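Working notes, beginning with the structure itself.
Here the structure is a predicted model, which is why all the values come from computation and not from measurement. In the text below, chain A, chain B and the rest are named by the order of the sequence lines, each starting its count at 1.
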Amino acid sequence: MIVASRKPLDEIIEIIGDYEKVLIAGCGTCVEVCHAGGEKEVEILASQLRMKFGKEGINKEFLSDTVERQCELEFIEPFLEKAEDLDAILSMACGVGVNFLADRLDSLPVLPALDTTFYGATEEQGVWTEKCSGCGKCILHLTGGICPITRCSKSILNGPCGGSDGGKCEISADVDCAWHLIYERLKALNQLENIQAINPIRDWSTGLDGGPRKMVREDLRL
Amino acid sequence: MKAGSNLEKVLSSGEFAVTAELGPPKSADPQVIIEKGNILKGYVDAVNITDNQTAIVRMASIAAGAIVVKEGIVEPVMQMVTRDRNRIAIQSDILGAAALGIKNCLCLAGDHHSSGNHPSAKNVYDLDSIQLVAMLKAMRDDKVFQCGEEIEEVQPQLFIGAAWTPLADPKEIRVIRLAKKVAAGADFIQTQGVYDVKSFAESMKKACDMGLCEDTYILAGIIPLKSAGMATYMQKSVPGVNVPDEMIKRLKDAGRKRAGAEGRKIAVELIQQLREVEGVRGVHIMAIEWEERVPGIVEKAGLLPRPSL
Ligand code: SF4
């Protein structure tokens, strides 16, 4: 899923600025699962903002609504319909949702309430880790299912580098060395030949380095 | 001859090579380079010039290398880390370096920038060190850029080096990685600082058994110890560096004032022991900000005069 965290209240207040009638828009998919921008978080933020501005005697109105997904047109319709009546939408979706709404709302500001961080998994309650970068050309069959592009701090393809120590990455004792993990896993899988071969220079153009990406599936188009 | 550098000539003639390290200043002052270069002149066959080591901004390795070439002081080994430049910038810099008379290049991934003085920088790592070696070899031998386009006359003639940390874990993979560097085209290897000669010799044996000692020239790393504190720090914090307890004790026993001299004595002993290890073709003395101590170590180790070829 896409993992995100809510921005601090002070930053959100600064982002809202002078807008008076704001819809706080939640998203019921990834960011709900990671407790950042689902229905519950929308209501918490709405009451925090009402309380904060109410106490200071500043007149602002915060509406709230959460849809199943902000990244699909059919779900964001209710937001688009309400737009005329608003000064801004404060989206609690990931950056995809913010962009998707902004693309469709010519004159209404869409503000982010979250910092979208990574594609990750829930390791345990309250702990998420990054696993994939969406690079556009998967090589996980060669690396024992562990992504060096994402999980090696240098994204190197022929690791481990000389900074690997006791299974930890040179950047921090809290970060596992991805190439140490890959080595151990390939050994267990009897696939060490994968690490003996030189991984050639990569074509990064399948990722963000090639510019913003678009996918068209003709077989699915109406 | 692949590049015709002095370092290549010394190594290919079978002489035991000596290289050292020169850290460029955190300023635009060429005088620092000239002074440090002059200290090392005549005592080493070539000098590595670090490339923003530990991700701290310093004068460019290529520029500092060009200064020592122009002044005729000592032969530089430019260092190139893949941390800060993509393949476009690297190849362009390589052409420029060769045009400025630089004939050796050590290929490194570089320390991650999170520990340097610009931790908020954007990460590059378009290539890793092994891929960099392969790219430089293709530029030199196949006369092509990474994209496959031909390089017109004159192609960059560089003697290509890579680093090796034989004792970092997972240890089993270190010889494999060395083999990859050699297969990619590393003409010479400079290792991480060695203190534990026995373990190092075991790794060297594995490398030689694989035929790697014939396919590349391996220079063992020497980092002179200044104090017991430094030795303990290196032991604890530098991956692949194992300073034996008795060495730390020697530095402690020497007392504060004499610890540096004891450290240099240890360095001399290490050089003498490493010379006897099969496959070791030279030493690489890393004494950053202690460059003035290198001549004494080289002299006491019996490595003078340096050959003039
Ligand atoms: S220590 Fe491991 S994870 Fe960290 S940069 Fe080096 S190879 Fe990558």
I'd like to know if [X] and [Y] make a salt bridge, using a cut-off of under 4.0 Å between side-chain N and carboxylate O.
X       : Y       : answer
K187(A) : E172(B) : yes
D128(B) : R177(B) : no
K206(B) : E202(B) : no
E14(A)  : K7(A)   : no
K2(B)   : D187(B) : yes

Side chain, backbone, both or neither: which part of [X] has a heavy atom under 4.5 Å from chain B?
X       : answer
Q196(A) : both
K168(A) : neither
P160(A) : both
I195(A) : both
A173(A) : neither

Task: Face-on cation placement of R104(A) at F100(A) ring, 6.0 Å and 45° thresholds - done: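 That pair qualifies as a cation-pi contact.
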If we define contacts as heavy-atom pairs under 4.5 Å, which of [options] has the most with chain B?
options                            : answer
S164(A), G167(A), S155(A), G163(A) : S164(A)
L157(A), I198(A), I156(A), I171(A) : I198(A)
G166(A), C161(A), C169(A), S172(A) : C161(A)

Chain A heavy atoms under 4.5 Å from [X]: which part of the residue, side chain, backbone, both or neither?
X       : result
D111(B) : both
A183(B) : both
A184(B) : both
S115(B) : neither
R87(B)  : side chain
N123(B) : side chain

Task: Side-chain heavy-atom pair D165(A), V238(B) within 4.5 angstrom cut-off - done: no
Open item on the list: Quick check for you: among A168(B), P170(B), A179(B), which has the greatest number of heavy-atom pairs under 4.5 Å with chain A?
Closed with: P170(B)
- [ ] Among A163(B), S237(B), G110(B), A109(B), single out the residue with the greatest number of heavy-atom pairs under 4.5 Å to chain A.
- [x] G110(B)
Open item on the list: Is C213(B) disulfide-linked to C208(B), taking SG-SG under 2.5 Å as the test?
Closed with: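 Yes, C208(B) links to C213(B) through a disulfide.
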TODO: Using distance alone, with no hydrogens and no angle criterion, decide if E170(A) and S153(A) have a side-chain donor and acceptor under 3.5 Å apart.
DONE: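 Looking only at side-chain atoms, S153(A) and E170(A) do not form any donor-acceptor pair under 3.5 Å.
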TODO: With D51(B) as reference, evaluate R85(B), R83(B), R58(B) under the salt bridge (Lys or Arg N to Asp or Glu O under 4.0 Å) test and give the passing residue.
DONE: R85(B)
